[in-house]
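Taking it in order: structure first as structure tokens, then the write-up.
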Amino acid sequence: MHLKFDSDEQKFREELQSFFTTKIPEEIRQRAAAGTLNLPDDIVTTQRILNAEGLATPGWPTEWGGRDWTPIQRNIYHDQLSLNFVPDPLTFNVNMVGPVIATFGSQEIKERFLPKTANLDIWWCQGFSEPEAGSDLASLKTRAVRDGDHYIVNGQKTWTTLGQYADWIFCLVRTDPDVKKQAGISFLLIDLDTPGIEMRPIKLIDGSVEVNEVFFNDVKVPVENLVGEENAGWTYAKFLLGNERTGIARVGWTKTKLAEAKKLAAATKTATGTLLDDPLFAARLAELETELLALEVTQLRVVAGSADGKPNPVSSLVKLRGSELQQSATELLADVAGARGLAVDAPGVGTPEWAQLAVPEYLNYRKVTIYGGSSEVQRSIISSSILGL
């Protein structure tokens, strides 16, 4: 089975490809291809270039910078970002808090936040997971108690990705502890410069910092920073996670990894030719490419089915399979690297940089079957909401 674009879609694809390869600085795209982006600068620079051309937030309502694209066009857009090594617009802004504000926020809160969110004048981070409420998100304990014109927030969030660069955090907080756990949650926007907030880095095994924990100690948050209705945050969170889970599939990114694996395997000598000639390796690669194509078609159905703004439970299937294929692709690259992948961060040893990065990337991508809802949670959603079991 092959996807085939009509003439208009092919023209659209070529226009995007031309823009991405001529307007996004080459050095940024090279760093993106190598997995060595300069954060936060490369993301900010890229998103502002895209936003100036109306290409940063195509999934938003048109009155707030969105594009009236078909699901096929949206799929082409995301594919071309990855295939041309353009850093994705910051997902916390574009795919998470932006759509929630645009869909459920008041006119005042839309005007206040959406333009700055689109242009990355505000860098958002996500305050959902807690030490005892990760995949079981509804068990969160961070409290927000109404006190006049403010909420007083106390609690802790963890695994806050790229929080060290963030200006604001969008949080799920418990505003009513006396009802069913899903019914007492609100969606609150919090300025990270507010007194009482502490951001602590969580150092990873390689010494880098990608995630953080955030502590709230009697933090005063204006009531006007509430999105939508009090105690309706669980509905907004499900809407957000539906968008996140679809984006987490990262079909285009996985395509680039499989293409890289194929190229590197063809250059890896074996006793009988090259690694690409090995029938077991070739069969494994072909199987991944076939599964990725099936996922791409499914993702198109999910995007089309979510056009009315309602969460589509099939997004759980896309998230589940997409994250697994990302892991399979990084595992394939690690296997191509072989013993060369043991030389990590070892300049002067003659090992190619791609091989030194293959194993750390493989290890780092163990996370993708956890964030956005673990695979076990996704299987539960699929069985109950899709299969009716």
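Between the side chain of Ser208 and the backbone N or O of Leu204 there is no donor-acceptor pair closer than 3.5 Å. Using a distance-only test at 3.5 Å, with no hydrogens or angles considered, a donor-acceptor pair links the side chain of Gln327 to the main chain of Arg366. Between the side chain of Arg174 and the backbone N or O of Lys181 there is at least one donor-acceptor pair closer than 3.5 Å.
Contact check for Lys255 versus Asp79: side-chain heavy atoms found under the 4.5 Å cut-off. Considering only heavy atoms from C-beta on, Arg29 comes within 4.5 Å of Thr21 through its side chain. Put simply, the side chain of Tyr362 does not reach to within 4.5 Å of the side chain of Leu333, judged on heavy atoms. Looking at Asn154 and Thr142, their side chains never come closer than 4.5 Å, going by heavy atoms from C-beta outward.
The side-chain contact (heavy atoms from CB on, under 4.5 Å) check on Gln80 picks up Arg13, Leu16, Gln17, Phe20, Ile76, Leu83, Asn84, with sequence neighbours excluded. In terms of the ring-ring contact (aromatic ring centres under 6.0 Å, His included) criterion, residue partners of Tyr165 (sequence neighbours excluded) are, by chain and number, Trp123. By the side chain to side chain donor-acceptor pair (under 3.5 Å) test, Gln164 pairs with Asn212, sequence neighbours left out. By the side chain to side chain donor-acceptor pair (under 3.5 Å) test, Asp277 pairs with Thr274, sequence neighbours left out. The side chain to side chain donor-acceptor pair (under 3.5 Å) check on Glu198 picks up Arg200, with sequence neighbours excluded. In this structure, Arg340 has no salt bridge (Lys or Arg N to Asp or Glu O under 4.0 Å) partners at least two apart in sequence or on a different chain. Considering only residues two or more places apart in sequence or on other chains, Phe12 meets the ring-ring contact (aromatic ring centres under 6.0 Å, His included) condition with Trp69. Applying the side-chain contact (heavy atoms from CB on, under 4.5 Å) rule to Asp121 yields the partners Arg48, Lys116, Asn119; only residues at least two apart in sequence or on another chain are considered. The side chain to side chain donor-acceptor pair (under 3.5 Å) test applied to Lys367 returns Glu210, Asn364, not counting sequence neighbours. By the ring-ring contact (aromatic ring centres under 6.0 Å, His included) test, Phe92 pairs with no residue at all, sequence neighbours left out. Qualifying salt bridge (Lys or Arg N to Asp or Glu O under 4.0 Å) partners for Glu260, counting only residues two or more places apart in sequence or in other chains: Lys257.
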- Task: Apply the test side chain to side chain contact (heavy atoms under 4.5 Å, CB included) to residues Thr161 and Cys125: give CA-CA distance (whole Å), side-chain angles for both, the deciding distance (0.1 Å), then the verdict.
- Result: CA-CA 7 Å; Thr161 304; Cys125 62; over 6 Å; no
- Item | Derivation and outcome, side chain to side chain contact (heavy atoms under 4.5 Å, CB included), residues Leu189 and Ile101 | CA-CA 10 Å; Leu189 310 178; Ile101 292 173; 4.0 Å; yes
- Message: As a quick check of understanding, evaluate side chain to side chain contact (heavy atoms under 4.5 Å, CB included) for Val100 and Phe239, giving each step before the final call.
- Response: CA-CA 7 Å; Val100 169; Phe239 172 85; 3.9 Å; yes
- Query: What's the verdict on ring pair (Phe, Tyr, Trp, His ring centres under 6.0 Å) for Phe113 and Trp124, showing C-alpha distance, side-chain angles and the deciding distance?
  - Reply: CA-CA 11 Å; Phe113 287 107; Trp124 290 93; 5.6 Å; yes
- Message: Go through it in stages, so that I can follow the logic: the residues are Tyr365 and Trp253, the test is ring pair (Phe, Tyr, Trp, His ring centres under 6.0 Å), and I'd like the CA-CA distance, side-chain angles, deciding distance and then a yes or no.
- Response: CA-CA 13 Å; Tyr365 267 73; Trp253 182 91; 4.8 Å; yes
- Would Phe19 and Ile49 count as a side chain to side chain contact (heavy atoms under 4.5 Å, CB included) if you check the C-alpha gap in whole Å, the side-chain angles of each, and the deciding distance to 0.1 Å? CA-CA 10 Å; Phe19 179 86; Ile49 292 172; 4.1 Å; yes
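Taking CG of Asp167 as the reference point, atom CG of Asp193 lies at 7.5 Å (rounded to 0.5 Å). With values rounded to the nearest 0.5 angstrom, Leu276 atom CG is found 10.0 Å from Thr270 atom OG1. Remark: Leu226 CG to Thr175 OG1 distance equals 8.0 Å, nearest 0.5 Å.
Side chains of Glu26 and Gln30: a donor on one and an acceptor on the other come within 3.5 Å. Side-chain polar atoms of Ser129 and Lys157 form no donor-acceptor pair below 3.5 angstrom. Residues Gln156 and Glu213 bring a donor and an acceptor atom of their side chains to less than 3.5 Å of each other. Using a 3.5 Å distance cut-off with no hydrogens or angles, the side chains of Tyr236 and Glu229 do not pair a donor with an acceptor. Counted by atom type alone, Asn225 and Arg112 present one or more donor-acceptor pairs between their side chains at under 3.5 Å. Thr45 and Asp41 share no side-chain donor-acceptor pair at under 3.5 Å. For the residue pair Thr160/Gln126, the side-chain donor-acceptor check at 3.5 Å is not satisfied.
Salt-bridge annotation for Glu9 and Arg74: absent, with no side-chain N of the basic residue lying under 4.0 Å from a carboxylate O of the acidic one. Note on Lys220 versus Asp147: no salt bridge recorded, every NZ/NE/NH1/NH2 to OD/OE distance being 4.0 Å or above.
Few gaps surround CD on Glu15; more than 12 heavy atoms of other groups in view lie less than 6.0 Å from it. In Glu111, the CD atom is crowded: over 12 heavy atoms of neighbouring residues, nucleotides or ligands sit closer than 6.0 Å. At most 12 heavy atoms of other shown residues, nucleotides or ligands fall within 6.0 angstrom of atom CG in Asp149.
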With a 3.5 Å cut-off and sequence neighbours excluded, list the donor-acceptor pairs that the side chains of residues 52-62 form with protein atoms.
from	atom 1	to	atom 2	distance (Å)
Thr57	OG1	Gly65	O	3.4
Trp60	NE1	Val94	O	2.9

